[in-house]
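Quick caveat: nothing in here was measured; it's all calculated off a predicted structure. Keep in mind that the numbers below use all heavy atoms, side chains included, and drop hydrogens, waters and symmetry copies. Lettering of chains follows the sequences in order, A, B, ..., and the numbering in each one begins at 1.
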2 protein chains.
Amino acid sequence: MSQGNIAVTDQAETPDPGKLAVCTVMEVVNRISGKWAIGILLEATRGPVRFTELERSVSGISRRMLTLTLRNLERDGLLERTVYPTVPPRVEYEATGMARELYESLSALVGWAERHREAIALARDSYDGRG
Amino acid sequence: MSQGNIAVTDQAETPDPGKLAVCTVMEVVNRISGKWAIGILLEATRGPVRFTELERSVSGISRRMLTLTLRNLERDGLLERTVYPTVPPRVEYEATGMARELYESLSALVGWAERHREAIALARDSYDGRG
DNA sequence: CGGAATCCCCCACGATACTG
DNA sequence: CAGTATCGTGGGGGATTCCG
């Protein structure tokens, strides 16, 4: 994805700061746009959390998706995974500083959504009503 | 999606502001998480833009996806569609005030991505290298 | 407890037409 | 010019089973 927008900046005409911003936004949006990443990130921001705790607190998630999403977040450096070699095994996940900063950066978006939630709902009703 | 997190707030225990924020974030992220929405929104933020102009400036997009994404953005009240009943037809799209505010709200995310891009790349290399 | 492996489904998206 | 219609595909995600 984003082949066009990114490739264009190679050595072509003026790098166009606008296009660059688009790529940057898509980068971060794609990173958290999965169905579960944001919820997991939030739980892990509260403090160290175990696999099974996440399975319970992130309601609706399957073991498979929990594992996959945790791996991706860990890979991006947003979660730190700690294994305690006890028996039974104990694994804890915690948000990194980067992830906490990300969560703060999202507050602007939350503000926007709250300010315009009603307007969006009205726009949809209007659009769906008249076509 | 988000069945769990939203449904839980019906009349259950304390509404948990954290979970509510998760839903709000996912709301807005999902709204712009398509492959083309952000790029289209940017072009339409510069000023009124025609269908064919978008087809050229948003590189790689197909007519079909352009139409679908435009419809969704219009439905959410992020784009305004103006039809000039001339021949040949002329249709212009422009970002609404809401959309412009959204773009400003995204700047925090851009800042985050720029600050941590290198750290993320390193985290990935490290993760992929060692497994 | 904390996963990995397998199977299946759905839908966002791409390609390729046709049209007022 | 600005769309619609139709068909096909890939991968994100669900359900289930097995494992150290």
ask   = Mind checking whether B/L70 and B/Y84 sit in one hydrophobic cluster, side chains of I, L, V, M, F, W, Y counted as touching below 4.5 Å?
value = no

key: Phosphate OP1/OP2 of D/dT6 contacted by B/R63 side-chain N/O (<4.0 Å)   = no

query = Want to settle it: does A/T69 or A/P89 sit nearer the 5' end of DNA chain D, counting the closest nucleotide to each?
reply = A/T69

note = B/R71 CZ to D/dA5 P, in whole Å, measures 11 Å

task = Identify whether any heavy atom of B/Y84 sits under 4.0 Å from a base atom; if not, whether one sits that close to sugar-phosphate; answer base, sugar-phosphate or nothing.
result = nothing

task = Nearest whole angstrom, please: distance from the C1' of C/dC1 to the CD of A/E92.
result = 13 Å

query = In whole angstrom, what separates A/N30's CG from C/dC13's P?
reply = 10 Å

ask   = Can you tell me if the side-chain N/O atoms of A/Y93 get under 4.0 Å from OP1 or OP2 in C/dG3?
value = yes

note = Of C/dC13, C/dC1, D/dG3, the nucleotide closest to the side chain of A/P88 is C/dC1

request  = Starting at atom CD1 of A/I61, determine the distance to atom C1' of D/dG13, rounded to an integer number of angstrom.
outcome  = 10 Å

ask   = Does a side-chain heavy-atom distance below 4.5 Å link B/V49 with B/E94?
value = no

Whole-Å gap separating P (C/dT19) and CZ (B/F51) = 17 Å

ask   = Under 4.0 Å between a Lys/Arg side-chain N and an Asp/Glu carboxylate O for A/R117 and B/E27?
value = yes

ask   = Given atom CD1 of B/I40 and atom C1' of C/dC13, what is their separation to the nearest angstrom?
value = 13 Å

ask   = Could you state the CG-C1' distance from B/L70 to D/dT4, rounded to the nearest angstrom?
value = 14 Å

task = Answer with base, sugar-phosphate or nothing: what part of the nucleic acid does B/T67 contact at a heavy-atom distance below 4.0 Å?
result = base

query = How about B/W112 and B/R115: do any of their side-chain heavy atoms sit closer than 4.5 Å?
reply = yes

task = Report yes if a side-chain nitrogen or oxygen of A/T52 is closer than 4.0 Å to either non-bridging phosphate oxygen (OP1 or OP2) of C/dG2; otherwise report no.
result = yes

inquiry  = Between B/Y93 (side chain only) and B/I40 (backbone N and O only), is there a donor and an acceptor less than 3.5 Å apart?
reply    = no

ask   = Does A/R50 make a side-chain N or O approach to OP1 or OP2 of C/dG3 shorter than 4.0 Å?
value = no

remark   = Between CD of B/E74 and C1' of D/dG3 the distance, given in whole Å, is 13 Å

inquiry  = Let's test your reading of the model: under 3.5 Å, does the base of D/dG13 pair with the side chain of A/R64 as donor and acceptor?
reply    = yes

